Amino acid sequence: MSRLLRMCLPVLMMFSLVSCLKEKSLDSTGDGGAGILRMKIDGKQWTANKTASATIMNEHVSIMGASQDNLDLMIKIKTTSVGTYQLDQASDHIAILLDNNEASPVGYTTDQGANSSIAGGTVNITKIDEATKRISGNFTFKLYRSSDDKSLMITEGVFENLPY
């Protein structure tokens, strides 16, 4: 039961965080715009073209994005500092991708599977600008879903000037 709870809890957290996001225009404006969140999923370009934002709260950085094609991404890092962070089964950091097009969406995560060859990766926070409340960085990881033994490779992930 605890394994099931561990798998479902991040998905529930993601639903609550993404549903609380205020929808923002992702067009660039003179005030810095809403920022950019993009990546390649198994080689196919994906952009958070519905919402893209970040929060820094309770010693955690959360990067969240949603797209018009009903994919939601959340990256949660237990830090408030610039640096490179490992995501895997043993870390306090996690990335979750949820495909809301599925009849029963179950998240792909970086903490499922037996080891880091199945799921895991890195997030590099390169800038936290406290004056403008913007965060930037990059990421790459492998996501895994144990319910059906499927995985997704995330490459060329970038978040630039996301408001928090």
Side-chain angles (χ1 to χ4, degrees), residues 3-21 35-67 69-102 105-128 135-164:
R3 174 85 174 143
L4 180 61
L5 181 62
R6 182 172 161 87
M7 282 178 32
C8 292
L9 187 59
V11 174
L12 293 173
M13 288 173 34
M14 185 169 170
F15 274 129
S16 65
L17 287 172
V18 170
S19 67
C20 291
L21 289 176
I36 296 169
L37 176 58
R38 67 175 179 263
M39 63 187 172
K40 288 191 177 178
I41 304 172
D42 287 339
K44 183 181 174 192
Q45 187 65 49
W46 178 87
T47 301
N49 55 14
K50 189 174 177 184
T51 61
S53 67
T55 60
I56 298 179
M57 184 172 36
N58 298 328
E59 300 299 316
H60 286 85
V61 169
S62 296
I63 307 297
M64 297 158 286
S67 63
D69 61 354
N70 292 317
L71 294 179
D72 296 334
L73 174 71
M74 184 181 82
I75 303 169
K76 189 169 186 175
I77 308 296
K78 189 176 181 181
T79 189
T80 56
S81 302
V82 168
T84 301
Y85 301 92
Q86 186 70 32
L87 287 70
D88 59 28
Q89 296 76 8
S91 76
D92 290 330
H93 319 300
I94 188 170
I96 304 165
L97 182 72
L98 189 62
D99 185 346
N100 294 300
N101 296 305
E102 297 177 339
V106 176
Y108 292 84
T109 71
T110 54
D111 69 347
Q112 293 183 58
N115 57 54
S116 60
S117 69
I118 295 171
T122 59
V123 173
N124 182 24
I125 300 172
T126 57
K127 183 178 182 182
I128 299 175
I135 186 169
S136 298
N138 54 68
F139 56 92
T140 184
F141 39 75
K142 187 173 185 179
L143 299 166
Y144 179 72
R145 186 167 68 185
S146 60
S147 63
D148 57 6
D149 202 34
K150 289 185 179 180
S151 62
L152 298 171
M153 190 62 164
I154 306 301
T155 57
E156 300 179 37
V158 175
F159 51 98
E160 292 177 4
N161 295 314
L162 285 182
Y164 68 87

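As the structure is a prediction and not an experimental result, all values here were calculated from the model. Atoms considered below: every heavy atom in the structure, side chains included; atoms not considered: hydrogens, waters and symmetry mates.
Looking at Thr79, its side chain does come within 3.5 Å of a backbone N or O of Ser81 through a donor-acceptor pair. Between the side chain of Asn100 and the main chain of Pro105, no donor-acceptor pair closer than 3.5 Å is present. Distance alone, capped at 3.5 Å, places no donor-acceptor pair between the Ser136 side chain and the Lys127 backbone. Glu156 contributes no side-chain N or O that, together with a main-chain N or O of Gln45, makes up a donor-acceptor pair within less than 3.5 Å. With hydrogens and angles disregarded, no donor-acceptor distance shorter than 3.5 Å links the side chain of Asp111 to the backbone of Asp88.
Listed by chain and residue number, Arg38, Glu160 satisfy the side chain to side chain contact (heavy atoms under 4.5 Å, CB included) test with Ile36 (two or more places apart in sequence, or in another chain). For Asp149, the side chain to side chain contact (heavy atoms under 4.5 Å, CB included) partners at least two apart in sequence or on another chain are Tyr144.
Looking at every heavy atom in both residues, Leu98 comes nearest to Gly107 through CD1-N, 3.7 Å. Of all non-hydrogen atoms in Ala54 and Ile135, the two that sit nearest each other are CB-CG2, 3.6 Å. Ala52 approaches Pro163 most closely through the heavy-atom pair O-CD, 4.4 Å.
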Please tabulate, one pair per line, all N/O donor-acceptor pairs under 3.5 Å involving side-chain atoms of residues 115-125, not counting sequence neighbours.
unit_1 : atom_1 : unit_2 : atom_2 : d
Asn115 : OD1    : Ser117 : N      : 2.9
Asn115 : OD1    : Ser117 : OG     : 2.4
Asn124 : OD1    : Thr84  : OG1    : 3.1

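Annotation: side chain of Met64 is in contact with side chain of Thr55 (closest heavy-atom distance under 4.5 Å). Looking only at side-chain heavy atoms (C-beta outward), Asp69 and Trp46 come within less than 4.5 Å of each other.
In this structure, Asp99 CG and Ser67 OG are separated by 9.0 Å, a value rounded to the nearest 0.5 Å. Atom-to-atom distance recorded for Gln86:CD and Asp92:CG is 12.5 Å, nearest 0.5 angstrom. Residue His60 holds its NE2 atom at 8.5 Å from NE2 of His93, rounded to the nearest 0.5 Å. Rounded to the nearest 0.5 angstrom, Leu97 CG and Thr110 OG1 are separated by 11.0 Å. The CD1 atom of Ile154 lies 10.0 Å from the OH atom of Tyr108; values are rounded to the nearest 0.5 Å. Atom NZ of Lys44 is separated from atom CG of Leu152 by 11.5 Å, given to the nearest 0.5 angstrom.
Using cut-offs of 30° and 60° on the angle between ring planes, the pair Phe139 and Phe159 is parallel.
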Any chance you could lay out the side chain to side chain contact (heavy atoms under 4.5 Å, CB included) test for Met74 and Asp72, step after step, and finish with the verdict?
-> CA-CA 7 Å; Met74 184 181 82; Asp72 296 334; over 6 Å; no
Under the side chain to side chain contact (heavy atoms under 4.5 Å, CB included) rule, what do Tyr164 and Val61 come out as? Steps first, then yes or no, please.
-> CA-CA 9 Å; Tyr164 68 87; Val61 169; over 6 Å; no
